[in-house]
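All values below come from the heavy atoms of this structure, side chains included, with hydrogens, waters and symmetry mates left out.
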Amino acid sequence: MFTLDNLFLLLTGLLAAFLCWYFWKRYNLHKALHNVYYLMGFAVLLVSGLLLIFLGLDILSSPWVLTVASLIPLGISMGLAEEYFPKWKKYFKWFAAVGFLAIAITSFMAESNDVMATLKRISVPLFHGVAGLVIFLGPFFAKGAPKGFFWVGIGGVLIGLGGIALAFISMGKQLLFFSPEFVMAILTPLLLLMTGAFALGFTKKG
């Protein structure tokens, strides 16, 4: 049965596919590494959206999904660091690598180990939150960025809220008014709005 959620996810996938093509085209023109990071983030978003369409929203509780989905904010934030903040890009890459490993290890071991469960409660919101802040604030401080680049920052707000809310839900907790029912109700339109904001921001020429 094709639902409204599936429609939102399909539109999100189309936008993500367009952005994958856009950054692949940019990479072939300039061979700039930041385009690879952006491409990684939106490729994971595309695959995640397709999996949600075919397997349903229940897969969000899987440690595989939580781990792989973390590549979306980490990829986009690393791209911004690489393109606009060369002075601290190396340090942020280390942060992103440690964050990804921490999320992966704690996600798979949390159910059988109390220490890992505690570390998961720290690592997931921490790394999602920092990556979201970079995506949100980066476009407003990026030198030489086109005027419409602020849309990327708006996308950063949406990805940060959604990611942290899902992280709290996966740990059996609630963030502010983001109950499990509320998050599931707004998740697919939130993904569409987020991807639309990114598409507007990244494709601005001036």
Inset, instruction - Measure from the ring center of Phe18 to the ring center of Phe202 and say whether it is less than 6.0 Å. - result: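 No: the rings miss the under 6.0 Å criterion.
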
Taking all atoms of both residues into account, what is the closest heavy-atom pair of [X] and [Y], and its distance?
X: Pro139; Y: Phe136; answer: CD-O, 3.6 Å
X: Leu74; Y: Ala96; answer: CD1-O, 3.7 Å
X: Phe127; Y: Ala102; answer: CE1-CB, 4.1 Å
X: Leu158; Y: Leu193; answer: CD1-C, 3.8 Å
X: Trp151; Y: Ala197; answer: CB-O, 3.3 Å

Legend entry - Aromatic ring pairing Trp64/Phe108, orientation class (parallel under 30°, perpendicular over 60°, tilted between):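 It falls in the perpendicular class, over 60°.
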
Legend entry - Sequence neighbours excluded, every pair satisfying side chain to side chain donor-acceptor pair (under 3.5 Å) that has a member inside residues 33-52: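 Those involving residues 33-52 are Arg26-His34, Arg26-Asn35, Tyr37-Lys93, Tyr38-Glu83.
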
Inset, instruction - Return each pair, listed once, that meets side chain to side chain donor-acceptor pair (under 3.5 Å) where at least one residue sits in residues 65-79; pairs must be two or more places apart or across chains. - result: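 For residues 65-79: none.
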
Inset, instruction - In sequence, state the C-alpha distance, the side-chain angles, and the governing distance for Trp88 and Phe85, and then conclude on ring-ring contact (aromatic ring centres under 6.0 Å, His included). - result: CA-CA 6 Å; Trp88 53 270; Phe85 305 98; 5.2 Å; yes

Inset, instruction - Would you check if Met78 and Met40 make a side-chain contact, meaning some heavy-atom pair closer than 4.5 Å? - result: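 The answer is yes; the side chains approach within 4.5 Å.
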
Inset, instruction - Determine whether Leu71 and Phe100 make a side-chain contact, defined as any pair of heavy atoms from C-beta on separated by less than 4.5 Å. - result: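 Yes, side chains in contact.
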
Inset, instruction - Test side-chain contact (heavy atoms from CB on, under 4.5 Å) on Ile135 and Phe198 and set out the steps. - result: CA-CA 10 Å; Ile135 302 171; Phe198 284 139; 3.7 Å; yes

